[in-house]
Amino acid sequence: MSAADSRTENLGAAVSTAEQTTAAQAGAVTPTFDSLDPASGDVVGTHPVFSAAQVDETVARARAAAQWWGALSFEERGERLKQWRGVIARRMAQLADISHLETGKPTSDAQLEIVMMLDHLAWAAGNARKVLGRKKVRTGVMAADLGASVEYLPLGVIGVIGPWNFPVFTPMGSIAYALAAGNAVVFKPSEFTPGVGKWLVDAFAQVVPEHPVLQLVTGLGETGAALCRSGVDKIAFTGSTNTGKKVMAACAETLTPVLIEAGGKDVLLVDADADLDAAAEAAVWGGLSNAGQACIGTERVYVHEHVYDEFVAKLTDLAKNLRAGDDPEAQIGPMTMPSQPRVVADHITDALSRGARALVGGLGAVGERLVQPTVLVDVPEDSIAMTEETFGPTLAVNKVRDMDEAVTLANNSRYGLGAAVFAKQRGQELARRIRSGMTGVNLVYLFAALPDLPFGGVGDSGFGRIHGPDGLKEFTYAKSIAHRRLPPLLALTTFARTAKIDKLMATLTVLRHG
Ligand code: NDP
């Protein structure tokens, strides 16, 4: 039985949301679903499908836990997060194994994701007071009799909905920062990676046993939808743009704020003076690692005509030597979702039928679960390989006259998540002109690893930011306090205000602004 069949069979046995709720209320057995090894279809784990009622109960428990967690000092929370970090670091191999089994990605890639995540966890805990703690603010000359301060208080309970492609790094970009800011979290991992989510939550419970500050709700899309409607104080969603729209619509019903980290169609620009070896190396990693299943994966490459042939020769040499497989030597794992190879095949077919050429791979590269690298050139700009997120190990490479054309084509996308520029002279300038949340100059991916840097997109890639100071503030509200420290210099907010004061105020206003 294939992975897809096995999953469907199991879910077929599960019942609808309404039935689950009734069943849960009647004390009946909760339906379950399996997470599967994408390479073999073997069952990796079995998890409950949380009904809407069970999600609501979980959020109610989280609300009580949030009171306790939010009342701790930054240092007390920081100490617990440090212990959690220690547990994860010491048992990293265990977590990497589960991630490998559920996603199919090579274990070493799974480990890299954990390593990068731990730096964020450390940063969020270590910087929470500095970013969010109470600070005095200036009141200005006209209000010198007043004092003022601002601090950033936790929202309460955050619902985190995560994807499967980076099942540790991506949701932890929200979870770590939300916890460090003093919130409780209810985490709904993807149905493809519930085991990874459970492992993280269980490890947290070991260092915070007193209250359920971080809880797990597992299930399918309906469980995520129930979390959106559960009355949480914010939803942090990472996933596809289409699901993001559904999440936002559900959250709108209760005016629940949302953070949307959605898909991308990232570009890599290669200027005439670029280090072509470095650019080709980055393009294959950016486009083909994790089997191309990355929100900040390189999908489009624009190369200056002066170096196009040389770059393409280097790129194809590297790409030809990469292999997708389920053995330990393969650099690329199987596709995690059984439906994704079809999407990749459609994109390749569409591009080829409109005149593109495959220098590596092509339609024959797409197997049932294993998809070998594909490099397409001369790809029409209106083909879906250039306009839609492919999410597979393919690169679409086009020649440009100059870098102005490259920037125009790069920005001709509804997405705007990450990007990369390879250039010696104009790297920073070109990077700033690309409409994307993050751009690497002579690098790919690494902006995501720097905890000080905000991460997020524009357009169909979403809004809001994880990571860095913005990522901490995302899970708080600004609390402003103004207080009187001296008798009023000008008594303005009183019915006893005199004509003399009005005149003085008018004179001062003209002096200051006129
Ligand atoms: P999906 O949009 O399919 O799912 C994301 C999450 O939403 C899953 O947990 C899913 O649950 C849940 N979900 C599904 N339907 C609903 C619903 N109606 N209401 C609430 N939640 C729901 O994305 P994928 O998991 O396939 O992830 C891949 C996508 O994520 C790509 O587009 C990628 O670019 C994007 N991504 C973006 C990142 C960023 O930082 N911008 C980072 C990583 C990935 P279930 O799986 O159970 O259906």
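Each residue takes its place number in the sequence, starting with 1.
Screening residues 299-339 for ring-ring contact (aromatic ring centres under 6.0 Å, His included) gives His304-His306 as the qualifying pairs, with residues at least two apart or on separate chains. Residue pairs meeting the side chain to side chain donor-acceptor pair (under 3.5 Å) criterion with at least one member in residues 280-298, sequence neighbours excluded, are Lys105-Asn290. Annotation: ring-ring contact (aromatic ring centres under 6.0 Å, His included) contacts involving residues 360-413, sequence neighbours excluded, comprise Trp164-Phe391. Residue pairs meeting the side chain to side chain donor-acceptor pair (under 3.5 Å) criterion with at least one member in residues 456-467, sequence neighbours excluded, are Arg414-Asp460. Listed by first and then second residue, the side chain to side chain donor-acceptor pair (under 3.5 Å) pairs involving residues 332-345 are Arg342-Asp346 (not counting sequence neighbours). Annotation: ring-ring contact (aromatic ring centres under 6.0 Å, His included) contacts involving residues 315-335, sequence neighbours excluded, are absent. Screening residues 349-367 for side chain to side chain donor-acceptor pair (under 3.5 Å) gives Asp350-Arg354, Arg354-Asp382, Arg357-Asp378 as the qualifying pairs, with residues at least two apart or on separate chains.
Panel note: side chain Arg300, backbone Leu409; a donor-acceptor pair is recorded below 3.5 Å. With hydrogens and angles ignored, the 3.5 Å screen pairs a side-chain donor or acceptor of Asn183 with a backbone N or O of Ala178. Under the 3.5 Å distance criterion, the side-chain polar atoms of Thr107 are left unmatched by any main-chain donor or acceptor of His100. A donor-acceptor pair under 3.5 Å is formed between the side chain of Glu405 and the backbone N or O of Arg401. Here the side chain of Asp34 pairs no donor or acceptor atom with the backbone of Leu36 at under 3.5 angstrom. Of the possible donor and acceptor atoms, one in the side chain of Asp266 sits under 3.5 Å from a partner among the backbone N and O of Gly418. Thr316 places a side-chain N or O within donor-acceptor distance of the main-chain N or O of Ala313, the cut-off being under 3.5 Å. A side-chain donor-acceptor contact under 3.5 Å links Thr218 to the backbone of Pro48. Glu102 places a side-chain N or O within donor-acceptor distance of the main-chain N or O of Val196, the cut-off being under 3.5 Å. The main-chain N or O of Tyr415 is found under 3.5 Å from a side-chain atom of Ser413 such that the two form a donor-acceptor pair.
Contact of the Ser174 side chain with the Phe237 side chain is not registered, since no non-hydrogen atoms from C-beta on lie closer than 4.5 Å. Between Gln206 and Val87, some side-chain heavy-atom pair lies under the 4.5 Å cut-off. In this structure the side chain of Gln372 never reaches within 4.5 angstrom of the side chain of Pro393, judged on heavy atoms. When side chains are defined from C-beta on, Val115 counts as touching Met92, because their heavy atoms get closer than 4.5 Å. By the 4.5 Å heavy-atom criterion applied to side chains, Val168 and Ile88 are not counted as neighbours. Here the side chains of Leu95 and Leu200 are in contact, with some heavy-atom distance below 4.5 Å. The side-chain heavy atoms of Ile466 and Tyr177, taken from C-beta on, include no pair separated by under 4.5 Å.
In this structure, CD in Gln425 is found 9.0 Å from CG in Asp271, a value given to the nearest 0.5 Å. In this structure, the separation between CD1 on Ile161 and CZ on Phe187 is 10.0 Å, given to the nearest 0.5 Å.
The minimum heavy-atom distance between Ala420 and Val444, with the atom names listed, is CB-CG1, 3.8 Å.
Between the side chains of Gln331 and Asn321, not a single donor N or O lies within less than 3.5 Å of an accepting N or O. When only modelled atom types and interatomic distance are considered, Gln215 and Thr58 share no side-chain donor-acceptor pair under 3.5 Å.
Residue Glu381 qualifies as enclosed at atom CD: its count of foreign heavy atoms under 6.0 Å is above 12. Applying the 6.0 Å contact sphere to CD of Gln94 captures more than 12 heavy atoms from other residues, nucleotides or ligands. Around CZ of Arg323, the count of heavy atoms belonging to other residues, nucleotides or ligands within 6.0 Å exceeds 12.
Every residue meeting the salt bridge (Lys or Arg N to Asp or Glu O under 4.0 Å) condition with Glu474, not counting sequence neighbours, appears here in chain and number order: Lys234. The salt bridge (Lys or Arg N to Asp or Glu O under 4.0 Å) check on Lys399 picks up nothing, with sequence neighbours excluded. Under the side chain to side chain contact (heavy atoms under 4.5 Å, CB included) criterion, Ala319 pairs with Val284, Leu288, Val360, Val375, not counting sequence neighbours. Gln111 is linked by a side-chain hydrogen bond (donor to acceptor under 3.5 Å, both in side chains) to nothing, counting only residues two or more places apart in sequence or in another chain. Every residue two or more places apart in sequence or in another chain that forms a salt bridge (Lys or Arg N to Asp or Glu O under 4.0 Å) with Glu299 is listed here: Lys265.
For the side chain to side chain contact (heavy atoms under 4.5 Å, CB included) test with Val232, the passing option among Leu155, Leu227, Val55, Val185 is Leu227; the others fail.
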